[in-house]
J.: 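Following this message is one structure expressed as structure tokens.
So that the names make sense, note that chain A is the first sequence line, chain B the second, and so on, each numbered from 1. What you see below is based on every heavy atom in this structure, not just the backbone, and it leaves out hydrogens, waters and symmetry mates.
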2 protein chains.
Amino acid sequence: MASLTEGNTRPVRLADIAKAAGVSHGTASNVFSRPEIVRQEVRERVKAVAEAMGYAGPDPKGRLLRAGKVNAIGVATTEPLSYFFDDPFARVMMSGISEACDATGAGIALVSAGNQEKLAWNIQSALVDGFILFCIEGGSRLVELTRERKLPFVALELGFHDETISAIGVDNVAGGRLAARHLAELGHRRFAVLSLTLGEDRTGFVTPEEVRSAIYTGTRDRLAGYFEELSRFGVDTTKIPVFETENEAASTRAGLEAIFAGGEPPTAILAMSDRMAMIAIEWLTARGLAVPGDVSVIGFDGVPDAALCDPPLTTIAQPITEIGRRAAHMILDFDGAVRRETLGVELLVRASTGPAKA
Amino acid sequence: MASLTEGNTRPVRLADIAKAAGVSHGTASNVFSRPEIVRQEVRERVKAVAEAMGYAGPDPKGRLLRAGKVNAIGVATTEPLSYFFDDPFARVMMSGISEACDATGAGIALVSAGNQEKLAWNIQSALVDGFILFCIEGGSRLVELTRERKLPFVALELGFHDETISAIGVDNVAGGRLAARHLAELGHRRFAVLSLTLGEDRTGFVTPEEVRSAIYTGTRDRLAGYFEELSRFGVDTTKIPVFETENEAASTRAGLEAIFAGGEPPTAILAMSDRMAMIAIEWLTARGLAVPGDVSVIGFDGVPDAALCDPPLTTIAQPITEIGRRAAHMILDFDGAVRRETLGVELLVRASTGPAKA
DNA sequence: GCAAATATTTGAATCGATCCAACGAAAGTG
DNA sequence: CACTTTCGTTGGATCGATTCAAATATTTGC
């Protein structure tokens, strides 16, 4: 009856099998990891014993310690885990990462955490060979934490001006210019910008000084691109309202309210993400303003949904999948070097932009 | 110069720190894992030494072996990894899983493999505390492989009639009936079915005998639901063409071609997935057939995209997020019991179904 | 000032495998 | 028949931590 009571018996280990089969643990190990070097008779006996004892196969936990390599790359963010499946930008990026991982047989471990403390723990204890960081918000902390693990990592979006870390991003200045030129050439002269965050935990209109001292250089560069190009067309960029949102519905709508509360509403909106752009289109339409009849809207990112909204969104497309693929390869083929890659962007003209109203 | 040559020096271990700081490794370990029980002076000294020597913190690989728990759940499929981010059904499901994992602080490891051999290896070596299996194709092999790991696991969709494994799925018979009744009540009498696979690696029209011997009971049950309900309305179900597809564009279109090649085209299509339903709508529209004017189409799943297509899809909605949540909890709160849960489905009437043409 | 109570530290044991130098046995060679 | 190969097997070392009973140090109480 003892055997019945001890229902919670510990699992059989390789050593147990070895002893029961009367072979050394070295041989038992070989039966599973390099069966070809073990004599057939022995191999079969050991396998039979393993089967009989209910052995689950070599435990990866043990193997891992010896082998050193996990064969998985961690993708980390400060957003909740569902971000990876809900956010269109993240999804396309993950698709690119998946592709590279599939090709090499590596796995993907998703790492995230709501609060700071858990984030630290999760980064510290993730079983991965390297990290890809989604530097959305709280990015600097994420980078610090990851740096301490002393594993290879890449930051997506060259958010911070830190040349010591590997990063992949797009030419934000060029993207900004492309967007601005497109609208300017359509005759627009009154603009408003829906901006991504410039620092942490901020929202609302921003002043030119705040722009200059921005932590997030990605945001700053897009803005710089917009402004540089618009000044060439003689637009007084100091008059352009720039509203910083959290890249979601509530703050974006608040921004639109604020922007359109003024006396001279813009005829074109430069949104720094497709998400904001789509929210803007919805808001404008609901307000009875025609897009692009009354107001033109241009996005940034080039997520698939942007092609499907009504009207289809004109936007600056990033090579999102390619960024993901490259990021994964940077980790998978890590050689110790710090790499910073900047990819090009492309203007995708669809139907949300049109000539300025006369 | 020796120090320069040995650039590839092995990383510092906890034991190195202990020695350098003149404490036992037990104490060194405590400094990191239970700092409160170490005298402040010692704690600070050890931390300083660690910092100076460039210690990356306790290696999770080592910790893991001792601790035994990974604190991550594996989600496995035989599809490529990108399936998790591309497929709408999978995405919603993952969202539910993420939610549960976020709440408990667990991580998610994505496991997949194109070929059989890699699949086996990936399942065997995944560092997880349990598995959630997406039993799409090759599901039975996936289940066998996973069973051998002797870790808790749940199959999504009670695909196989194996009462010994935990599974979560929906009442497919009820779903089939709901769909069939809806169309029958709209006056339809000529149907065609776009079916998910009944066995492995199959495609094309299926005979009633094949239906009876189907491996995938999910598919079989939906079909059974359709047929049971339609017979009540006096429809001769033996005349209904059932075309098995691979749930993607090419084979679905091939099915439609085949179905509409016959003399008496159907006025309503019962699709076993929203994906096929949406492909069908596209195909029909391109062919000049109005939906639902000429042909009504009903789907199955209730993925978000289905609400957005044109016309919005009438479908049988599964509580996808809830399934994901429950699956994750089954692993996270595993108690040794085999659980089989069947959730209800719901008819979502939108615009892709209408009265049969007089 | 001394015993008891409490706070720290130690070091061996453990987690579950893989690797590898060394060794014994069988087979091949001149 | 002695001598080298080849093939299989052995068992100790190692991967990098955590844990815990025992040893030692420090306080506290009287």
J.: Checking L145(B) now: which residues fulfil side chain to side chain contact (heavy atoms under 4.5 Å, CB included) with it, not counting sequence neighbours?
T.: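 Testing L145(B) for side chain to side chain contact (heavy atoms under 4.5 Å, CB included), a comparison that skips the adjacent residues, returns L119(B), A120(B), I123(B), R141(B).
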
J.: So if I define the base as every atom that isn't primed, P, OP1 or OP2, how would nucleotides 15-21 of chain D read as a B/S/- string at a heavy-atom cutoff under 4.0 Å?
T.: BBBBB--

J.: Which value, rounded to the nearest 0.5 Å, describes the distance between K47(A) atom NZ and E51(A) atom CD?
T.: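 One finds 10.5 Å between NZ of K47(A) and CD of E51(A).
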
J.: Between F85(A) and F85(B), what is the ring plane arrangement, given parallel below 30°, perpendicular above 60°, and tilted in between?
T.: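 Correct class here is parallel.
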
J.: Taking S98(A) as the fixed residue, which of P80(B), S82(B), S112(B) is the one that meets the side-chain contact (heavy atoms from CB on, under 4.5 Å) rule?
T.: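 The residue from P80(B), S82(B), S112(B) that satisfies side-chain contact (heavy atoms from CB on, under 4.5 Å) with S98(A) turns out to be S82(B).
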
J.: Please round to 10 degrees the angle between the axis of the first five pairs and the axis of the last five pairs in the helix from dG1(C)-dC30(D) to dG30(C)-dC1(D).
T.: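 The two end axes of the helix from dG1(C)-dC30(D) to dG30(C)-dC1(D) meet at 40°.
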
J.: I'd like to know if D16(A) pairs up with K19(A) as an ion pair, taking the criterion as any Lys NZ or Arg NE/NH1/NH2 lying under 4.0 Å from an Asp or Glu carboxylate oxygen.
T.: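 No, this pair does not count.
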
J.: Any non-hydrogen side-chain atom of I165(A) less than 4.5 Å from a side-chain atom of R340(A)?
T.: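 Side chain of I165(A) against side chain of R340(A), heavy atoms only: contact under 4.5 Å found.
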
J.: Any salt bridge between E144(A) and R147(A), counting N to O under 4.0 Å?
T.: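 Salt bridge flag = yes for R147(A) with E144(A).
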
J.: Are OP1 or OP2 of dT10(D) and a side-chain N or O of S24(A) less than 4.0 angstrom apart?
T.: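 Answer is yes, contact under 4.0 Å.
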
J.: May I have all residue pairs that pass ring pair (Phe, Tyr, Trp, His ring centres under 6.0 Å) and include part of residues 42-66 of chain A, sequence neighbours excluded?
T.: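 Every pair satisfying ring pair (Phe, Tyr, Trp, His ring centres under 6.0 Å) with a residue in residues 42-66 of chain A: F32(A)-Y55(A).
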
J.: Between E322(B) and R326(B), does any NZ, NE, NH1 or NH2 come within less than 4.0 Å of an OD or OE carboxylate oxygen?
T.: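 Yes, charged N to carboxylate O under 4.0 Å.
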
J.: By the ring pair (Phe, Tyr, Trp, His ring centres under 6.0 Å) test, which pairs, at least two apart or in different chains, include something from residues 89-129 of chain A?
T.: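 Not a single pair qualifies under ring pair (Phe, Tyr, Trp, His ring centres under 6.0 Å).
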
J.: Using a 4.0 Å cut-off to any heavy atom of chain B, which nucleotides of DNA chain C are the first and last in contact, reading 5' to 3'?
T.: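 Answer, 5' to 3': dT8(C) to dG16(C).
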
J.: Quick one: is dT9(D) close enough that its OP1 or OP2 comes under 4.0 Å of any side-chain N or O from R39(A)?
T.: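 Result: yes.
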
